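Data block below; observations after.
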Amino acid sequence: GTPMPMPPWYLAEGTTAWGFEEWVLVQNPNDSACEVALSFMLPDGSQARHVFEVGAKSRFTVRVNDLVPDSDVSVEVEAGLPVIAERAMYWGGRGGGHCTVGAWSP
């Protein structure tokens with residue numbers, strides 16, 4: 001868990017290669033929708049940025065494999081309002097997996 005929602009989140013050491021499936025999950029606990037930007041940081045130093053709207057009091061999921069196929073990837077989550085971000089990883093045809101909340105800096 002996390003003690004509070006924050007606008008910036010960081011998700012390190014993800015991958016969409018080697019049979020892994022990666023998801024970024026963003027929860028918006030606010031009374032209004034907000035814009036969320038996901039910056040996918042790639043091994044060569046480049047970034048792929050995608051912007052989504054997350055509805056009020058809802059959760060939004062992004063399958064990273066669809067946006068950044070076959071690559072190691074870290075993610076920065078920036079939001080217009082405080083949100084909660086986590087990453088889920090699956091492997092072995094979803095026979096294994098784990099989920100972790102992101103890191104943030106006040």
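Owing to the predicted nature of the structure, the values given are computational and were not obtained by experimental measurement.
- The ring pair (Phe, Tyr, Trp, His ring centres under 6.0 Å) pairs that include a residue from residues 55-74 are Phe52-Phe60, where partners are two or more places apart or lie in different chains.
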Residues Phe40, Val64; criterion side-chain contact (heavy atoms from CB on, under 4.5 Å); working and verdict = CA-CA 9 Å; Phe40 298 100; Val64 179; 3.8 Å; yes
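- Under a hydrophobic-cluster definition in which Ile, Leu, Val, Met, Phe, Trp and Tyr are linked whenever side-chain heavy atoms come within less than 4.5 Å, directly or via other members, Val62 and Met89 are assigned to different clusters.
- Once rounded to the nearest 0.5 Å, the distance linking OG of Ser74 with CG of Leu42 reads 9.0 Å.
- Applying the side-chain contact (heavy atoms from CB on, under 4.5 Å) rule to Thr2 yields the partners Trp9, Ile84, Val101, Trp104; only residues at least two apart in sequence or on another chain are considered.
- Distance check: Asp70 CG to Trp18 CH2 gives 7.5 Å after rounding to the nearest 0.5 Å.
- Between Thr61 and Val24, the closest side-chain pair of non-hydrogen atoms is not below 4.5 Å.
- Scored by the side chain to side chain donor-acceptor pair (under 3.5 Å) test, Thr15 finds Asp72 as partners (sequence neighbours excluded).
- One N or O on the side chain of Thr16 and one on the backbone of Val68 form a donor-acceptor pair closer than 3.5 Å.
- Of the candidates Leu38, Leu25, Val77, Val73, Leu11 forms a side-chain contact (heavy atoms from CB on, under 4.5 Å) with just one, namely Val77.
- Atom CG of Asp66 is separated from atom CD of Glu22 by 11.5 Å, given to the nearest 0.5 angstrom.
- In this structure, Val54 is not a member of the same hydrophobic cluster as Trp23, with clusters built from ILVMFWY side-chain heavy atoms closer than 4.5 Å.
- The 12-atom threshold is not exceeded at CZ of Arg59, counting heavy atoms of other residues, nucleotides or ligands nearer than 6.0 Å.
- Residue pairs satisfying the side-chain hydrogen bond (donor to acceptor under 3.5 Å, both in side chains) criterion with at least one member in residues 36-57, sequence neighbours excluded, are listed as follows: Asp31-Lys57, Ser39-Arg49, Asp44-Ser46, Arg49-Glu78.
- You'll find the side chain of Cys34 reaches within 4.5 Å of the side chain of Val83, heavy atoms only.
- Panel note: side chain Ser58, backbone Gly55; a donor-acceptor pair is recorded below 3.5 Å.
- Screening residues 81-94 for side-chain hydrogen bond (donor to acceptor under 3.5 Å, both in side chains) gives Glu21-Arg94 as the qualifying pairs, with residues at least two apart or on separate chains.
- The minimum heavy-atom distance between Pro43 and Ser71, with the atom names listed, is CD-OG, 3.5 Å.
- When hydrophobic clusters are built by joining Ile, Leu, Val, Met, Phe, Trp and Tyr residues whose side-chain heavy atoms come closer than 4.5 Å, directly or via intermediates, Val51 is not grouped with Leu81.
- Residues passing the ring pair (Phe, Tyr, Trp, His ring centres under 6.0 Å) test with Tyr10: none are found, sequence neighbours excluded.
- In this structure, Asn28 contributes its side chain and Val36 its backbone to no donor-acceptor pair below 3.5 Å.
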